[in-house]
Novice: 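This is the structure I want to talk about, given as structure tokens.
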Protein chains: 2
Amino acid sequence: MGQRRVEVVRAAIELLDEVGLDGLTMRLLAARLGVRASALYRHYPSKQALLDAMVAHLATPPAAAPPPPEGPWDERLRHVATGVREVMLAHRDGARLMAGFQDPGGAAVAAFHDLVAALGADGLTTEAAVVAVDTVLAFVNGYTFEEQARKAAVPRDRRDRDFHAGLELIIGGVHASLP
Amino acid sequence: MGQRRVEVVRAAIELLDEVGLDGLTMRLLAARLGVRASALYRHYPSKQALLDAMVAHLATPPAAAPPPPEGPWDERLRHVATGVREVMLAHRDGARLMAGFQDPGGAAVAAFHDLVAALGADGLTTEAAVVAVDTVLAFVNGYTFEEQARKAAVPRDRRDRDFHAGLELIIGGVHASLP
DNA sequence: TGTACACGTGAACGTTGTTCACCTCGGACG
DNA sequence: CGTCCGAGGTGAACAACGTTCACGTGTACA
């Protein structure tokens, strides 16, 4: 049925990498699909809906998912944080795209609650787990957004080191706040 | 000379609070000034330049500045973090506006270096100070952006508590990383 | 055979940022 | 006094954008 829908969103992501978020135009995307712009509105009611679908598509791990991460809570936090950053950096303007999404997909909230629950089953109070996850995610979003917007000149390995240093600072803070 | 420039930027900020960043249009701003849109280009070469000027204007503390903060490094970090968040929350779409600025004004980098230097004069190595400041600012940006974009329903005092909890987590992490 | 339905067309609409040639007016200067 | 100049504003236009709407077309299924 909605088979064309995923072709559209895939083409949109390809185009994003070539022209950036500001260059991503309904007309241009339509041209890449050999179609007129008005045809896109058969599949998505608005450009914002298309952008949301792109976010959902990027945030959904491939069917051949990596093994579900087991391990202590700090390992888990590290895994999620680097994963989110990786997803954002994988595409041009990825951070800006994901920061602008309008409808937080149900999958995202589910993943959030799963992570909090996992941390809760590993010694942290629910309260502490929520704060830790919220803080790490805010840091990842803020850092990666800035990184992609204004640090194209800084070499990648330096940005990686700074990111991990910040992440370890937060994880150390969680450790220090335990009973 | 450039007296009209600041009138324009002031009117733009007022208008921002009324119509939001998406509603902020050159024509609408011109109308508020009793002028046609093309006249605005006498003062700013592009809309982006105007937006940058708004950011610079908002980030510049009023002439009657509060007393320069003295105290230990953690107190200083708290002060800066809450101050930045306050500035962003003071205007509609403030976080989005300040996240989109193109030219990081020289005043901003100066403030950054001053803060790092201050922390350095208080027991932290320069390396640790840079990481701490970077991490706190990334957190503040990420948290406040999300807060303003999608948490209008959550009461203010709850958002304040969550913010401070995250901030204390990071400051605790800095403490734990000291020799 | 007929009829849904998915998909696409083409032309238009209103709005946006921006440019350009031109106008106006107040003050400095010879 | 006349003249020039620069700051500021006008009005019309341009290309591009997201979006809408009435209308076509082919394919699969009853």
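Values below: every heavy atom of this structure, side chains too, minus hydrogens, waters and symmetry copies. So that the names make sense, note that chain A is the first sequence line, chain B the second, and so on, each numbered from 1.
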Novice: Please pick, from dG8(D), dG17(C), dT9(C), the nucleotide with the shortest atom-to-atom distance to any side-chain atom of Val35(A).
Specialist: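 Of the options given, the side chain of Val35(A) lies nearest dT9(C).
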
Novice: Is there a donor and acceptor pair, one atom on the side chain of Arg4(B) and one on the base of dG8(D), closer than 3.5 Å?
Specialist: no

Novice: What is the distance, to the nearest angstrom, from the OH atom on Tyr44(B) to the P atom on dG8(D)?
Specialist: 11 Å

Novice: Take atom CZ of Arg36(A) and atom P of dG10(C), then tell me their distance rounded to the nearest Å.
Specialist: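 Interatomic distance, CZ of Arg36(A) to P of dG10(C): 5 Å.
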
Novice: Using the closest heavy atom to pick a nucleotide of DNA chain D for each, name whichever of Ser38(A) or Gly23(A) lands nearer the 5' end.
Specialist: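 Closer to the 5' end of DNA chain D: Gly23(A).
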
Novice: What integer distance in Å separates Leu40(A):CG from dG8(C):C1'?
Specialist: 10 Å

Novice: Among dT19(D), dT9(C), dG17(C), find the nucleotide with the atom closest to the side chain of Ala39(A).
Specialist: dT9(C)

Novice: To check you understand the geometry: which heavy-atom pair defines the closest contact between Leu24(B) and Val19(B), and what is its length?
Specialist: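 For Leu24(B) and Val19(B), the tightest heavy-atom pair comes out as N-CG2, 3.8 Å.
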
Novice: Could you tell me how far apart Asp22(A) (CG) and dT16(C) (P) are, to the nearest whole angstrom?
Specialist: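 So the two atoms are 18 Å apart, to the nearest Å.
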
Novice: Stem ranges for DNA chain C, with three or more consecutive Watson-Crick or G-U pairs under 3.5 Å?
Specialist: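 For DNA chain C the paired stretches long enough to count as stems (3 pairs minimum) are C:1-30 with D:1-30.
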
Novice: Separation of Met26(A) atom CE from dA16(D) atom C1', in whole Å?
Specialist: 15 Å

Novice: Does a salt bridge link Arg4(B) with Glu7(B), judged by any charged N lying under 4.0 Å from a carboxylate O?
Specialist: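 Counted as a salt bridge, because a side-chain N and a carboxylate O are separated by less than 4.0 Å.
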
Novice: Send over the distance from Lys47(A) NZ to dA16(D) C1', rounded to a whole Å.
Specialist: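 Rounding to the nearest Å, NZ of Lys47(A) and C1' of dA16(D) are 11 Å apart.
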
Novice: In whole Å, what is the span from the CG atom of Leu50(A) to the C1' atom of dT19(D)?
Specialist: 13 Å

Novice: How far apart are the C-alpha atoms of Leu40(B) and Leu50(B), what are their side-chain angles, what is the distance that settles it, and do they pass the side chain to side chain contact (heavy atoms under 4.5 Å, CB included) test?
Specialist: CA-CA 9 Å; Leu40(B) 298 177; Leu50(B) 205 228; 6.0 Å; no

Novice: Is any side-chain N of the basic residue among Arg96(B) and Asp22(B) closer than 4.0 Å to the acidic one's carboxylate O?
Specialist: yes

Novice: The side chain of Ala37(A) lies closest to which of these nucleotides: dT18(C), dT19(D), dG18(D)?
Specialist: dT19(D)

Novice: So which nucleotide from dG18(D), dT9(C), dG8(D) ends up closest to the side chain of His43(B)?
Specialist: dG8(D)

Novice: Within this structure, what is the CG-to-C1' distance between Leu51(A) and dG18(D), rounded to whole angstrom?
Specialist: 12 Å

Novice: Using a strict 4.0 Å threshold on nitrogen-to-oxygen distance, state whether Arg161(A) and Asp157(A) make a salt bridge.
Specialist: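 Not counted as a salt bridge, because no side-chain N and carboxylate O are separated by less than 4.0 Å.
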
Novice: At 4.0 Å (heavy atoms only), tell me whether Arg42(B) reaches a base, stays on the sugar-phosphate, or touches nothing.
Specialist: base

Novice: Under a 4.0 Å N-O cut-off, is there an ion pair linking Glu18(B) with Arg92(B)?
Specialist: no

Novice: Which of the following nucleotides, dC17(D), dT9(C), dT18(C), is nearest to the side chain of Ser46(B)?
Specialist: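 Output: dT18(C).
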
Novice: Charged N to carboxylate O below 4.0 Å: is that the case for Arg85(A) and Glu146(A)?
Specialist: no

